[in-house]
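Input: a single structure, listed below in structure tokens.
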There are 4 protein chains.
Amino acid sequence: MSEKRKTIPSLVKDPKLIEKRREQIIEAAVHLFINKGFHKTTTREIARASGFSIGTLYEYIESKEDVLYLVCDAIHAEMETRLREAINFNGTGLKILKLAIRSFFRVMDQMSDRVLLIYQESKSLPKETLRYVLGREEEIAQIFVEILQKGIADGSLRLDEKHVKLMADNIMVLGEMWVFRRWALHKHYTLEEYTEKQITLLLREISVSD
Amino acid sequence: MSEKRKTIPSLVKDPKLIEKRREQIIEAAVHLFINKGFHKTTTREIARASGFSIGTLYEYIESKEDVLYLVCDAIHAEMETRLREAINFNGTGLKILKLAIRSFFRVMDQMSDRVLLIYQESKSLPKETLRYVLGREEEIAQIFVEILQKGIADGSLRLDEKHVKLMADNIMVLGEMWVFRRWALHKHYTLEEYTEKQITLLLREISVSD
Amino acid sequence: MSEKRKTIPSLVKDPKLIEKRREQIIEAAVHLFINKGFHKTTTREIARASGFSIGTLYEYIESKEDVLYLVCDAIHAEMETRLREAINFNGTGLKILKLAIRSFFRVMDQMSDRVLLIYQESKSLPKETLRYVLGREEEIAQIFVEILQKGIADGSLRLDEKHVKLMADNIMVLGEMWVFRRWALHKHYTLEEYTEKQITLLLREISVSD
Amino acid sequence: MSEKRKTIPSLVKDPKLIEKRREQIIEAAVHLFINKGFHKTTTREIARASGFSIGTLYEYIESKEDVLYLVCDAIHAEMETRLREAINFNGTGLKILKLAIRSFFRVMDQMSDRVLLIYQESKSLPKETLRYVLGREEEIAQIFVEILQKGIADGSLRLDEKHVKLMADNIMVLGEMWVFRRWALHKHYTLEEYTEKQITLLLREISVSD
DNA sequence: GATGAATGAGAGTTCATTCAT
DNA sequence: GATGAATGAACTCTCATTCAT
């Protein structure tokens, strides 16, 4: 179902070192891309901010686009990790769902710079790679799909199976909205207010009892 | 409230001619930006596609970013025009709201390339300009705010005044979602199905009767 | 029979100007390539020696290899022109042949730097282009083929038709030898001595009378 | 007369090992240079194809140019060895000469890739080194000089002493021509036909009887 | 003696912008 | 008002060479 993860060739042999250096690259590039955008960040800046020379940078990647891929993938990985860590899968689907939404919105809030980065820059990835990165997004949506299905199964949620995916997408989008429209929303709401309000809206329709 | 529209200086005196040429520029650039992205489109390409020389292009703009601004502004203008044309402000707030949502979703669908363009490229605008462009987005949200307020006033909608802006934003976001997630959504829904489903979700909470 | 001449695209429209600038490029590049070799000459050096900026250079070529092609082609053109100008096609084949050999050897001598350049650098051309350039060499050999055939026809040369091409190649190669082995040959011979000696050798076999 | 062979310093002490490793380097580099050319072959590729690391490569050479020198020298050595092995120095000068020419042309044919390599890449050698490599060429020409002189001495060849060197050069050049113009010559001749034809041409003038 | 990660000068190429015509 | 040739800073990427381990 999901595209296979891209493996970026490296001229360096030691896998431990590759991982370490790529973490440095990601750490450096995330901040640069957030502040200047992908196109306005130069490979030299990435190298310098990573703590090594331009030559060394290219020992660990093949092209600037590879850095963007590494960054996007790392962000998604962190999003998913944080989300999964925050969710406790005990209790009714409804209960889990509420927890998951709160967690997701919180993760969006904490990672808003990086979420924005993905949305604004991932289009610069090569087509093939872009598909994979978009696929990671779907994996996160899938978490909500599963929770919703659990809720349907245990009777705590009433929702046509047909609309499960849409509901999952709605949750995702309303979470991302907190990021995209923060300049407007932060004026009126705290994260908590926003979260509770959206939960009310989203669940009114589908929760059997709350 | 809203930022003042930016005036791009031109070396040319005749305002009629300026408008005509800028329309040519916008027409050409929209397609180029959609297909290649802002950064990968060259000013030479814009000039050629506009039907004149690079020198002439720079008689009507001061920088490449100006073209992006013209394009974003034109897209917003078209969005707003289409939306306003489609809405009939007669009837209860609830009725108008449904019509407006349907219209907005349809406009999003029809203009999806251009909507995407704004979301992906507007970040390349100079800060000041970006603020103005984001402001245009608010103007559209404002349409929904007004409709919601009318509905509250005439009793067809039950919604805390405090949440009006959020509801308007939700509508916008769910409309934009049809664009951003089209690769996922189009598999499961037609625009009409999607629209009705989301209307149900959005209004369940707030409509007094439907 | 011969490959079609390559047309290098230019960003500049005026054909007169293209020709003029390319002449400048060729003039500059020939000397640089002779002195430093193709690989050790930078595009910046070519631009500077041509009298304009690197940006301007790239208005008239698409790649550094294009410069090499221009240079090789110009050298061949000059070789052929000089040779054809020097040959008088009146008289018996034998007489014309002797004149042609002397002319060819003289041209080789005068252009020895450039002949060397072609032999040492043309391999860096893209395959397709290389084929064309090698073809030009054949066109020159063809001059000798025609003279030989004229001599056979008028009875002044006795040579199996089958060996005409080989004889033409031999003439070419012995002319080029004056270039490739000049470090050895110049110690022992003047150009004139060398020429007469080789003519004797080459014609002993085939001339009916001299 | 001939330049002294260049001695490449090595960080390694053991002469046996140096020789072994350099043979590996030559073997690897010859093929790489033939296929990609000297400039497009990287030292990393040479090391890998040699079977060891880049660091080890530089234990046995001081620069990439050293590899080119090793390669050119090895090719010349092989040429000379093969030629000397094939020649039987018994008989009249004329007889030996014919044998030598046939052998030389055959060696040229068998080693054509490598002969071409020397002609196209040796110019990239440092001036000093180049002189030595070109000198090796002379040593081979010297073989023919000696044979010619033997033929003059024993009366089987009639040739002005003054022209001996030229005749030797002619032989060399016509042999190399089989390599340089193979794309043209192979269409018309087998190696044997070519050889016999050229022998006829070359000897007509000088052989007392054949 | 062998390794391979690190280096950085320097390469070819692009393209937004200018300005003389 | 229109043109398009000229500019050169800035870009991504390469690769011969070094040296600590």
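The model shown is predicted, which means the values in this text are computed figures rather than measured ones. So that the names make sense, note that chain A is the first sequence line, chain B the second, and so on, each numbered from 1.
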Can you find a donor-acceptor N/O pair under 3.5 angstrom joining the side chain of R44(C) to the base of dT13(E)?
-> yes
Residue pair R21(C)/E62(A) against DNA chain F: nearer the 5' end by closest nucleotide is R21(C)
How do L17(A) and I61(B) order along DNA chain E: which one's closest nucleotide is nearer the 5' end?
-> L17(A)
Which whole-number value in Å describes the distance from E65(A) CD to dC13(F) C1'?
-> 13 Å
Taking CZ from F52(D) and C1' from dT3(E), how many angstroms apart are they, rounded to a whole number?
-> 12 Å
Atom-pair distance (NE2 on H39(C); P on dA11(E)), nearest Å = 13 Å
Taking only the side-chain heavy atoms of K13(A) (C-beta and beyond), determine which of dG4(E), dT18(E), dG1(F) contains the nearest atom.
-> dG4(E)
If you check every side-chain atom of S63(A), which of dA6(F), dC13(F), dT3(E) has the closest atom?
-> dC13(F)
Return the value, rounded to whole Å, for the distance between atom CD of E45(D) and atom P of dT17(F).
-> 15 Å
Pair R44(B) + E59(C), salt bridge at N-O below 4.0 Å = yes
Per nearest nucleotide of DNA chain E, the residue lying toward the 5' end, D14(A) or F38(B), is D14(A)
If you check every side-chain atom of Y58(C), which of dT14(F), dA5(E), dG12(E) has the closest atom?
-> dG12(E)
Which part of the nucleic acid does T56(C) contact within heavy-atom distance under 4.0 Å: base, sugar-phosphate only, or nothing?
-> base
Touch class at under 4.0 angstrom, heavy-atom based, for S10(A) against every strand present | nothing
Are any non-hydrogen side-chain atoms of K123(D) and E121(C) less than 4.5 angstrom apart?
-> yes
When you measure from the side chain of T42(A), which nucleotide among dA16(F), dG1(F), dT12(F) comes out closest?
-> dT12(F)
Partner nucleotide of dA6(F) by Watson-Crick or wobble geometry (both distances under 3.5 Å) = dT17(E)
To the nearest Å, give me how far apart CG (L57(B)) and C1' (dT17(E)) are.
-> 10 Å
Whole Å only: how far is the CZ atom of R48(A) from the P atom of dT7(E)?
-> 13 Å
Among dT14(F), dG8(F), dT3(F), the one nearest S53(C) by side-chain distance = dG8(F)
Backbone N or O of L125(C) within a donor-acceptor pair of the T129(C) side chain at under 3.5 Å?
-> no
Out of dT7(E), dA5(F), dG12(E), minimum distance to the side chain of Y60(C) belongs to dA5(F)
Taking the side chain of K64(C) as its heavy atoms from C-beta onward, which of dA2(F), dG12(E), dG1(E) lies nearest to it?
-> dG12(E)
Please tell me if the side chains of F52(B) and I25(B) come closer than 4.5 Å, counting only heavy atoms from C-beta onward.
-> yes
Can you tell me how far P of dT14(F) sits from NZ of K40(C), to the nearest Å?
-> 21 Å
Counting only N and O atoms by type, is there a donor-acceptor contact under 3.5 Å from the side chain of S50(C) to the main-chain atoms of I46(C)?
-> yes
Nearest listed nucleotide, side chain of T43(D), among dA16(F), dA5(E), dG1(F) = dA16(F)
Quick one: I46(C) CD1 to dA11(E) P, roughly how many Å, whole number?
-> 11 Å
Validate the cation-pi geometry between K6(A) and Y132(A): distance from NZ or CZ to the six-membered ring centre under 6.0 Å, angle to the ring axis within 45°.
-> no
Residue V12(D), side-chain atoms from C-beta onward, closest of dG8(F), dG1(F), dA2(E) | dA2(E)
